[in-house]
Asks: 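Before we start, here is the structure in question, set down as structure tokens.
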Amino acid sequence: MRVGIDVGSTTVKIVVMDQNDTVLYGDYERHRADIRSTIISVVTKALDTVEQTVPNGGDCPVSAMVTGSGGLAVSHWLGISFIQEVVAATTAVKKLIPQTDVAIELGGEDAKITFFGSSPGGGAAAGGSIEQRMNGTCAGGTGAFIDQMAALLETDASGLNDLARGASTIYSIAARCGVFAKTDVQPLINEGARREDIAASIFQAVVSQTISGLACGKPIRGRVAFLGGPLHFLDQLRSRFIQTLHLEGDAIIVPPDSQLFVAMGCAYSAVRNNEVSLRSFRESLKALKNAEMIEAPRLEPLFRDEAELADFRRRHAAQQAPSASLDEASGPVFLGLDAGSTTTKAVLIDEEGRILWHFYDVNAGNPVDLAVRVLKDLYRLLPSSVYIARSVSTGYGEALFQAALNVDAGEVETIAHFTAADFLVPGVEFLLDIGGQDMKCLRMKNGAITSIQLNEACSAGCGSFLENFARSLGLDIRAFSQKALLAERPVDLGSRCTVFMNSRVKQAQKEGATVGDISAGLSYSVIKNALFKVIKLRNTSEIGSKVVVQGGTFNNDAVLRAFEQISGLTVFRPDVAGLMGAYGAALIARNQWRELSKA
């Protein structure tokens, strides 16, 4: 008897075969980060079932093999051989569906495309080269991504599949990043788009991400096999692939039990000269109960004690932008509007650059509606002695605000942020702005911007990244960040894709990490992502001495402290950190008005 176990990022699969390669048992179960307990449960259930049907029962010889992202540790715990996933999958394809030219496999956190042979029609049986493409640092477009999107529609993956059957329209949705995708989906929900159409659009986004991100222009031709849990259980996802690739007839290969394909290849490969009795194999499972899990590394606490936290708060409380009372203002005032990816900000200043009024709120996918309500409120508050002399918009919706609200001018957001930072800290050398989904780093010399760096296809480490984790733990972002401040053992979570990080957070919880430890670890991750992935710093000494940090994410004291801990610098965070784009736009409006007045 041969046993193949596939321990994936989100599931455990098992296949048991007899000596004639007949499948006696197969199972697929989510482990929810509790890998050991799930393996014990799944394997015990398989052995209980098979023991009743095979000759010799408990004395039946068993050869077992394990594969998958979590398989290497299991091979040590159980004393069985490990096989690479690609080898196991290829073995199963050649054995069961040798006519395959291309295999598309989606898992919980991975996606793969395997090209067999050098020309379409030859199939895996013809031999030749095998080329595999796999996702790396981004898990957009995988099973875990689909789970996240399903939660937005208040359903699960199978519910999303049921909804997609009734679709009539496909919308464009980003699949490269789970956080970006949510921003595309949320406005559709707010605008009343049919849930059926949104569901099908999410599946189409997965298709687009897989084909463009993995095939990278290499044609997917010939007979295509669909493997892995998501493509087995979600027929509407398969349908989107089939339509997009224009597949017909025998070009479509959907093998039975395709969710178990890698485990099957593992079972086919199990070495017969490494056999133990079924009874002994069952006994070896006990080793899993006490198997030592490698605990995630821990980091220094953000603050050693309450006194250090109080000193930090006193220092940053003094970093305030100038302000004055709107009721006592007179003459020309200047309005800055910042239409961000997730929020809308507005600032009104006088001729001296003092803030008279400000606004900050989540736009919930309707920035114009929110801005109209805010401006109506502002006009009700304006004293008769005051008039808005000029307005400037910036951010993602710069042109939208100009067209919809008749704003006088627009400005690129990097210039707006620099203008505000240089006004508060003359001669600023380094500016880091972390918003809802974007991250900007500006370097300055002698009052001029010398370089600009931005995040591109990944929003890990931005404000929405933290908010999503807070929400998944049933907390708002303020309560979540508060727990980080005095956490004793922050978890080192690295700087990875949101989908990958979800699994690491779940694992850390299984290891006994507190919510505070996780929150503090995520705060460190935000800064590591900014400094070492986006900015690609080799040494923190490259930052300079006059440093301003801003953006709504830096209102989080834990993120601010993480920056100071990692950089070793004392930085300036204005009390209007989340309003700096709008503040800079207002200052630009004032400067433009002065120039126009001279003319």
Side-chain angles (χ1 to χ4, degrees), residues 315-316 318-323 334 336-338 340 345 347 349-355 390 392-395 398 408-435 438-456 527 529-554 559-560 563-564 566-599:
R315 175 160 52 85
H316 285 288
Q319 298 168 340
Q320 296 191 355
S323 61
F334 309 93
L337 295 166
D338 180 4
K345 288 82 71 177
V347 168
I349 64 169
D350 63 13
E351 278 196 84
E352 295 175 37
R354 297 178 299 183
I355 297 176
R390 191 167 180 81
V392 166
S393 62
T394 191
E398 170 201 330
D408 295 313
E411 184 56 86
V412 178
E413 60 182 310
T414 49
I415 300 299
H417 284 287
F418 165 65
T419 302
D422 196 55
F423 180 78
L424 296 176
V425 182
V428 60
E429 298 171 325
F430 185 94
L431 168 64
L432 179 62
D433 177 88
I434 302 180
D438 61 357
M439 191 180 295
K440 296 179 284 293
C441 171
L442 281 65
R443 298 172 197 258
M444 284 71 64
K445 190 173 182 181
N446 300 324
I449 298 173
T450 57
S451 76
I452 300 172
Q453 290 159 297
L454 300 94
N455 66 318
E456 294 175 357
I527 300 305
N529 187 64
L531 295 183
F532 304 121
K533 279 180 68 180
V534 176
I535 304 168
K536 296 179 174 63
L537 279 184
R538 290 184 298 275
N539 194 308
T540 52
S541 62
E542 300 172 24
I543 292 176
S545 56
K546 285 192 172 183
V547 180
V548 173
V549 294
Q550 59 189 51
T553 303
F554 275 112
V559 173
L560 176 61
F563 183 93
E564 293 189 338
I566 292 171
S567 68
L569 297 170
T570 299
V571 303
F572 186 95
R573 177 194 62 182
D575 62 328
V576 290
L579 298 167
M580 292 290 274
Y583 189 27
L587 290 166
I588 290 167
R590 182 199 64 174
N591 297 342
Q592 290 177 349
W593 178 78
R594 284 176 175 173
E595 291 297 320
L596 290 169
S597 297
K598 287 178 187 176

Asks: Would the distance check show the side chain of Glu413 and the main-chain N or O of Glu398 forming a donor-acceptor pair, the cut-off being under 3.5 Å?
Replies: no
Asks: To check you understand the geometry: which heavy-atom pair defines the closest contact between Val549 and Pro574, and what is its length?
Replies: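 Shortest heavy-atom separation between Val549 and Pro574 comes out as O-CD, 3.5 Å.
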Asks: Assess whether side chain to side chain contact (heavy atoms under 4.5 Å, CB included) is satisfied between Ile415 and Ile588, documenting all intermediate values.
Replies: CA-CA 9 Å; Ile415 300 299; Ile588 290 167; 4.2 Å; yes
Asks: Short question: side chain of Arg390, backbone of Arg594 - any donor-acceptor pair under 3.5 Å?
Replies: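 Such a contact is absent between Arg390 side chain and Arg594 backbone.
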Asks: Once you measure the plane-to-plane angle for Phe430 and Phe563, does it fall in the parallel (<30°), tilted (30-60°) or perpendicular (>60°) bin?
Replies: tilted
Asks: Any side-chain to backbone donor/acceptor pair from Arg573 onto Phe554? Under 3.5 Å, distance only.
Replies: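 Looks like yes, one N/O pair under 3.5 Å.
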Asks: Distance from Gln592 atom CD to Leu587 atom CG, nearest 0.5 Å?
Replies: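 Nearest 0.5 Å value for the CD-CG distance: 11.5 Å.
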Asks: Val347 versus Val576: any side-chain heavy-atom pair under 4.5 Å?
Replies: no
Asks: Which residues satisfy the side chain to side chain contact (heavy atoms under 4.5 Å, CB included) test with Thr414, sequence neighbours excluded?
Replies: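 If we apply the side chain to side chain contact (heavy atoms under 4.5 Å, CB included) test to Thr414, skipping adjacent residues, the hits are Val412, Lys440, Leu442, Ile452.
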Asks: For Gly427, is there any backbone N or O sitting under 3.5 Å from a side-chain donor or acceptor partner on Asp422?
Replies: yes
Asks: Glu411 side chain to Thr394 main-chain N or O, any donor-acceptor pair under 3.5 Å?
Replies: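 Here the side-chain-to-backbone pair does not exist.
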Asks: Within a strict 4.5 Å, meaning less than it, do heavy atoms of the Ile527 and Val559 side chains meet?
Replies: yes
Asks: Could you report the tightest heavy-atom contact between Gly336 and Ala585, atom names first, then the distance?
Replies: CA-CB, 3.8 Å
Asks: Over all heavy atoms of both residues, which pair between Asp338 and Gly581 is shortest? Give the atoms and the distance, please.
Replies: OD2-CA, 3.6 Å
Asks: Would you name the heavy atoms of Leu432 and Cys441 that are closest together and state the gap between them?
Replies: CD1-CB, 4.3 Å
Asks: Would you indicate whether the side-chain heavy atoms of Val428 and Phe418 approach each other to under 4.5 Å?
Replies: yes
Asks: A side-chain contact here means heavy atoms from C-beta on lying under 4.5 Å apart; do Pro322 and Phe423 qualify?
Replies: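 Heavy-atom side-chain distance check passes, below 4.5 Å.
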Asks: Would you say the side-chain atoms of Tyr583 pair up with the backbone N or O of Gly353, donor to acceptor, closer than 3.5 Å?
Replies: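 Present.
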Asks: Atom CZ of Arg443 and atom CD of Glu429: how far apart are they, to the nearest 0.5 Å?
Replies: 11.0 Å
Asks: Testing the basics here: between Gly544 and Leu569, what is the closest heavy-atom pair and its distance to 0.1 Å?
Replies: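 Scanning both residues completely, I find the closest heavy atoms to be O-CD1, 3.6 Å.
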Asks: Looking at side-chain heavy atoms only, is the closest gap between Trp593 and Glu351 below 4.5 Å?
Replies: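 With C-beta onward as the side chain, the pair touches.
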Asks: Nearest 0.5 Å, what's the CE-CG distance between Met580 and Leu431?
Replies: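 The CG atom of Leu431 is 7.0 Å from CE of Met580, to the nearest 0.5 Å.
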Asks: Test of understanding: with side-chain hydrogen bond (donor to acceptor under 3.5 Å, both in side chains), list the residues that count as partners of Glu564, not counting sequence neighbours.
Replies: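 Testing Glu564 for side-chain hydrogen bond (donor to acceptor under 3.5 Å, both in side chains), a comparison that skips the adjacent residues, returns Arg315, His316.
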Asks: Could you measure the distance from the CD atom of Gln319 to the CG atom of Asp575? Nearest 0.5 Å is fine.
Replies: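 So the gap between those two atoms works out to 9.0 Å.
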Asks: Specify the closest pair of heavy atoms between Thr419 and Gly584, including all atoms of both residues, with the distance to one decimal.
Replies: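 In terms of heavy atoms, the two residues are closest at CG2-O, 4.1 Å.
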